[in-house]
Amino acid sequence: MPARPTKSPVSFGLDRLATPIGIALLVTDAAGTLRALDWADYEHRMRELLRLHYGVVELRDQPAPAAMRTALSDYFDGDLGQLSGIAWCIAGTPFQQKVWNALAQIPAGTTMSYGALAARIDMPKAIRAVGHANGSNPISVVLPCHRLIGADGSLVKYGGGLERKRWLLRHEGVAV
């Protein structure tokens, strides 16, 4: 029986950026588009999300575009509007894409409950599914999953740890 052809690995660049809350890992494609942003102490989680979304992924050391690095540094220095200028693209199911695009619309300095986001995407009963999609978001900070909170206002789950979530929200002016 002939061997099944295997899919070629996807190749992305990997860069590191020092931030006030740890080393950010920036994964970009050949065009310089952001494909993942996670934290060095969560690199295993990031690699697993990349595998789930793209299959076999090879990461090679490569600087992220200077404009992306500058925008992220400026965000961490207090210029909160810089994130919207970062080009990103991620693979995922149509539902995940819908959730992630909705995340991108939550303004800095505000929070939203999972239920409110489910309602915003016209799927008010999909609260848990929104939570799962949020947890599969490979682009931390830029797709601001840290802005989702519990219905009672509590900080719940963040792939980079609750202390980072708390820092990011305070940085954006949210009292937590």
Side-chain angles (χ1 to χ4, degrees), residues 12 19-22 24-29 33-39 41-55 57 68 71-72 74-176:
F12 292 133
T19 77
I21 53 176
L25 302 175
L26 311 177
V27 176
T28 54
D29 62 20
T33 302
L34 186 65
R35 294 301 189 116
L37 188 161
D38 215 324
W39 306 102
D41 51 332
Y42 287 90
E43 183 170 351
H44 178 75
R45 179 184 104 79
M46 179 193 75
R47 287 179 181 270
E48 181 61 15
L49 286 174
L50 288 169
R51 186 192 66 74
L52 289 172
H53 294 302
Y54 299 103
V57 173
M68 180 184 297
L72 286 164
D74 288 351
Y75 166 82
F76 283 105
D77 286 342
D79 188 352
L80 305 180
Q82 290 297 310
L83 298 180
S84 62
I86 296 174
W88 56 270
C89 178
I90 47 181
T93 68
F95 179 78
Q96 287 172 327
Q97 295 282 341
K98 193 173 199 177
V99 170
W100 297 333
N101 281 302
L103 281 175
Q105 304 307 312
I106 303 172
T110 64
T111 58
M112 179 178 283
S113 71
Y114 292 87
L117 187 63
R120 179 178 278 186
I121 62 169
D122 296 323
M123 300 182 81
K125 295 184 181 196
I127 298 168
R128 284 184 194 230
V130 164
H132 287 295
N134 191 53
S136 296
N137 168 21
I139 302 182
S140 177
V141 182
V142 174
L143 294 184
C145 47
H146 61 277
R147 296 180 190 152
L148 285 187
I149 59 172
D152 63 357
S154 63
L155 297 187
V156 292
K157 295 184 180 183
Y158 180 65
L162 286 180
E163 281 307 308
R164 277 195 181 105
K165 181 173 188 160
R166 186 173 286 108
W167 189 94
L168 288 164
L169 290 173
R170 285 181 180 153
H171 177 65
E172 293 180 356
V174 176
V176 292

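Hydrogens, waters and symmetry mates play no part in the numbers below; they use all other heavy atoms, side chains included.
- Between F76 and H171, the ring planes are parallel. Angles under 30° get that label, and only those over 60° would be called perpendicular.
- Between atom CD1 of residue I149 and atom CE of residue M112 there is a gap of 10.0 Å, rounded to the nearest 0.5 Å.
- The list of salt bridge (charged side-chain N to carboxylate O under 4.0 Å, His left out) pairs with a residue in residues 131-154, not counting sequence neighbours, reads R147-E172.
- Residue Y75 is tested with T19, V142, L80 for a side-chain contact (heavy atoms from CB on, under 4.5 Å); the sole match is L80.
- Put simply, CG on L143 and CG on N134 are 9.5 Å apart, with the number rounded to the nearest 0.5 Å.
- Summarising the geometry, atom CD1 belonging to I86 is positioned 3.5 Å from atom CG belonging to L72; distances are rounded to the nearest 0.5 Å.
- With salt bridges taken as basic N to acidic carboxylate O contacts below 4.0 Å, one links R51 and E48.
- To the nearest 0.5 angstrom, I90 atom CD1 is 7.5 Å from N101 atom CG.
- Within the model, atoms OG of S140 and CE of M46 stand 11.5 Å from one another, a figure rounded to the nearest 0.5 Å.
- In K98, the NZ atom is crowded: over 12 heavy atoms of neighbouring residues, nucleotides or ligands sit closer than 6.0 Å.
- The CG atom of L117 sits 10.5 Å away from the CD atom of Q105 when rounded to the nearest 0.5 Å.
- Qualifying ring pair (Phe, Tyr, Trp, His ring centres under 6.0 Å) partners for Y114, counting only residues two or more places apart in sequence or in other chains: none.
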ask   = Given H146 and W39, is the ring pair (Phe, Tyr, Trp, His ring centres under 6.0 Å) satisfied, shown in steps?
value = CA-CA 14 Å; H146 61 277; W39 306 102; 9.8 Å; no

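- In this structure, G150 and V156 approach most closely via the heavy-atom pair N-CG2, 3.7 Å.
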